[in-house]
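Notes to accompany the following structure.
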Amino acid sequence: MKALISPLEQVIDYLGNSGCRVAQVEPLAFEVADPLYWIDCPDDCVADQWYWIENGLRPIPQPPAEE
Amino acid sequence: MTQAFNLSQLANRVNTSGQLNASTGLFNQTPVANGGTGKSTVTTGALLLGAGTSAMTELTGTTPGTIVASSPTGWSAQPQASVGGGDYIMQSYTSPSVWTKPGTIKAIKVTIVGAGGNGGSSTRVASVNTGVAGGGGGGGSLIGYFDASAIPGPITVTAGAGTNSFGSLASCTAGSNGANSSTPSVAGNGGAGGTGTPSTSGSVVSIIGTSGYPGDSGNSDSGKNGVSALFNARQFSQAGTNQPGSAGTGYGSGGSGAGVKAASSPGTAPGGAGSPGIVIVEEFY
């Protein structure tokens, strides 16, 4: 799978960490304009639920559920 | 005798104020040097062009597609195609395609809108009501102008769902999906708007789509959808229980979030689907 990284769209998690948005996940990449770019991603990567942070793709951490 | 006769004939063309009747008193065309054209007739519809001290010349144009164009020797009638300019073709794409660069093109204007994000859904998983879901974000927008020299050749067009793109020249990402609501009564956040990516090969203006709205638990209203900046479509929210979100309208609009899913009606109320994006290519010749 391929993840489309959008460096212009910063995602800030609840801990205050900032990463780049995963705008789309597709089996095959298609041509896009800079600064968008594609990288290989795990099959369970989901657009807008993962972000590119510290040179790696990671799920965006969610705040603990309220009691 | 002859001279006296001629003078008397001329006098017949002069009024009481001593003015000569130009239509009957002159026997030749007024030369350019005297402020005339040097011509006795002018073809209907023709333009007169200067020719120094010689009689003016005519520029006629009855051939369709012929225009008056400047040249090193002055104005002349030319086929429109030989001087360029004027022709304009617009093509729009709502599904993937390939744009072929015409050989005579001078420039293009590209307008792109990314798809809208989907509204969040509302699923009851316990015996209490859910919250209200967030609206999907609007797609990013972009308007770009590209000179023919900056266009490499055939361009892959990606249009419709998700990111919309005109090859590597310009792209717009889709709006994010609105967050689902959850039990107990936690509202979902609205999705962020997508954005257009600038390009160094042309003049580009990019505009971020508006974000979807979070659900409003206090009033039990679901989140309104975000919209694209170029197609400022209608925004919806769902009041009341068990209401699915509304689909986005136009291009690049998010779907609205689903309303509260009541405990008395288990299951899922889906969010509204975001509307697709579009790529518009305007060709200038």
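To find a chain, count down the sequence lines: A is the first, B the second, and so on, and within it residues start at 1.
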Practice problem: Under 4.5 Å heavy-atom distance to chain A, tell me which part of B:Thr163 shows up: side chain, backbone, both or neither. | Solution: both

Practice problem: Compare every heavy atom of A:Ala33 with every heavy atom of B:Ser171, then report the nearest pair and how far apart it is. | Solution: OG-N, 2.8 Å

Exercise. Residue by residue, scan residues 90-99 of chain B and write down, ordered by number, those that have a heavy-atom distance under 4.5 Å to chain A; if none do, write 'none'.
Key: none

Self-check item: Non-hydrogen atoms of A:Ala23 and B:Thr173 that approach each other most closely
Solution: CB-CG2, 3.9 Å

Self-check item: CD1/B:Ile155: more than 12 non-hydrogen atoms of other groups inside 6.0 Å
Solution: yes

Practice problem: Could you check if a side-chain atom of A:Glu9 sits within less than 4.5 angstrom of a side-chain atom of B:Ser176, using non-hydrogen atoms only? | Solution: no

Quiz item: How long is the gap from SG on B:Cys172 to CG on A:Leu36, to the nearest 0.5 Å?
Solution: 9.0 Å

